[in-house]
Amino acid sequence: MKVLSAIPPLVQINTPYPSTTFLTGFLRQQGIDAEQTDFGLSLVLQLFSREGLKEIRSDLRSPKSPIAQFFLEAFPDYEKTIEPVIHFLQGKDQSIAHRIAARTLLPEGPRFAALAQEDLQWAFGQMGVQDQAKHLASLYIDDLADLIASEIDPDFSLSRYGEKLAASQPSFDPLMKRLSENTLIDRYLEKIVLEKLNTTKPDVIFITIPFPGCVLGALKIAQIARRWKKEIKIGIGGGYVNTELRTLKDARIFDFVDAITLDDGERPIECLLEFWTGKRNRSQLFRTFLRSEKISSAIEYCNDTTEHDIPQGKTGFPTIEGLDVKNYISMVEMLNPMHRFWSDLYWNKLMLAHGCYWHQCSFCDVTLDYIGRYEISPVQLTVDRMKFLAKESESSGFHFVDEAAPPAILKELSKRLIEEKLAFSWWGNIRFEKSFNSELTELMSDAGCVAVSGGLEVASDRLLVKMKKGVTVEQVARVARNFKESKIMVHAYLMYGFPTQTVQETIDSLERVRQMFEAGCLTSAFWHRFSATAHSPIGHAPEDFGISVARRAPEFAENDLEFSDPSGIDHGKLGVGLRKAVYNFMLGIGLDADVRDWFDFSVPKTQVDKNFIRQALKKG
């Protein structure tokens, strides 16, 4: 039996999403003929080519709109530059960087309008020609992506496709309607999928769906595969499925796929393959949805409770074979040194442990397997996997995709990397634990750690206790300082609008963040609006957090919950000022200003002592 694992449009274009690399490696270890492909990357490379731009020009719906007019007028320049720009962003031709950086080569559409020369000078200085050119080339690509979304297919984006059709969508109707349509994007996707199917000739295709912005692309692929061969078996799984489809009731999705697996895929997929080859029956499947045999409009959940997940140490070696790793595109869209880790550089992806060792945060999906079941991988196995992937990809960079990398494991890993004289670069998400003292952060830096990201969240001790975050603002400041002094970049996740949070607390949080930037504790940060999710402690018991949730009975997806906060505070109104402030703090601007200056309406004066963070660092 031949298996093809597929990444659908659109996740990321700088590095492959890791689910297929893990699954392909595991299946091959079991002796199964398995291949993998990234249809999202293939789609982008088809669109952003000379022929692709010609197709876009001929398919414009409203050629008199401003964005379309600019594209048509500048088309000769776009046609001339598109393939050199893609090659440059793939790292294949760096000689063009000087022409791009000089701003004499590329047509500059709407995305360039807000570009300030002083921002470029701050970010890249006089010598950062390659990076400056990469930023300008990224804006050029973004202009074309905006054109496609405006004039060709409103569901299109470089990092998501049809997200609104699937994100916490209670009904399958919007997706069903969209799946009957046929845009230029759909036609390109069909061409790409058919080429791959005709080359690999799989009997089974598994499609990973990590995010809502992948659902439309995944089901389009399933449609095409079913038309290609009626007998082909199609399965889906991944992060979106695990969080949003656990209470699935609408069986129409089985018009497109044969099976849906929950949580870790290795053992459920292994059982499915045995089922499809007649080696086990339906009752012996593991965490799998199928269409009911008796009622076509019903769904059957098959879960043999005697089955168990594959231990982390026995899932084999992930592999990138079959993925065009040299063709991924590096983008620098934001002048933020940490954001480029997500969108720019190529990273091999691994996990140090399954789940989160803390798994207590009240806003997190702690009731689900991907958070709640904690199991470490043997450290030497992780090192061996790093060596294997580095050789296979010819890249020494690693992103550990753990929910929170355990300090003890990071310490042991760092020692092993140093002992084996391995010059790898790596980064990942952490909790701001006291364990990250200066000795440990120095060790991690010596072993190749270049950045960490972690949750400062509300930057309020009262609310951090309510969140069960297990840290204090002072502790976060001291730990962040340790990382920064060890030459490791630090990105802080921030949150506003948490239940019972007052405007005063939000302004005070901003002041603490300002002081942390001023003291050199943070490299960057970003504010996210709080959302209540179905599988978090808040979602399970909203009354414990002072909010009420509008309970629904969705037929399709459910994750983000509609809730009402009796405080009546318009938290959304604060978001613009919060984001503007931290962006400028990152640039070193406004660090000595009153935090009220970032808002265009009246907010209360901060009640935080102006030396709060400095004193916290002295205590440390």
- Task: Please say whether more than 12 non-hydrogen atoms of neighbouring residues, nucleotides or ligands are located less than 6.0 Å from NZ in Lys249.
- Result: yes

Given the options Asp250, Asp258, Asp255, Arg291 meets salt bridge (charged side-chain N to carboxylate O under 4.0 Å, His left out) only with Asp255

Residues Thr208 and Ile7: closest non-hydrogen pair is CG2-CA, 4.0 Å

So salt bridge (charged side-chain N to carboxylate O under 4.0 Å, His left out) across residues 195-209, not counting sequence neighbours, yields Asp203-Lys229

### Task
Would you please indicate yes or no on a ring centroid separation below 6.0 angstrom for His491 and Tyr493?
yes

Sequence neighbours excluded, the answer for side chain to side chain donor-acceptor pair (under 3.5 Å) partners of Glu244 is none

Relative to each other, are the rings of Phe289 and Tyr301 parallel, tilted or perpendicular (30° and 60° limits)?
tilted

- Message: Ring centres under 6.0 Å, that's the criterion: do Phe211 and Tyr17 meet it?
- Response: yes

With sequence neighbours left out, the residues meeting side chain to side chain donor-acceptor pair (under 3.5 Å) with Glu190 are Arg227

So side-chain hydrogen bond (donor to acceptor under 3.5 Å, both in side chains) across residues 38-47, not counting sequence neighbours, yields Asp38-Tyr328

(Q) Quick one about Asn429 and Ser453 (side-chain donor to acceptor, distance below 3.5 Å, no hydrogens or angles considered), yes or no? (A) yes

For Asp173, the salt bridge (Lys or Arg N to Asp or Glu O under 4.0 Å) test, sequence neighbours excluded, returns Arg252

Would you kindly say whether Thr441 and Ser486 are connected by a side-chain donor-acceptor distance under 3.5 Å?
yes

Would a line drawn from the ring center of His399 to the ring center of Trp427 be shorter than 6.0 Å? yes

message: Between Glu403 and Tyr374, do the side chains contain a donor N or O and an acceptor N or O under 3.5 Å apart?
response: no

For Lys2, the salt bridge (Lys or Arg N to Asp or Glu O under 4.0 Å) test, sequence neighbours excluded, returns Glu35

Only residue of Arg287, Lys314, Arg267 satisfying side chain to side chain donor-acceptor pair (under 3.5 Å) with Asp309 is Arg287

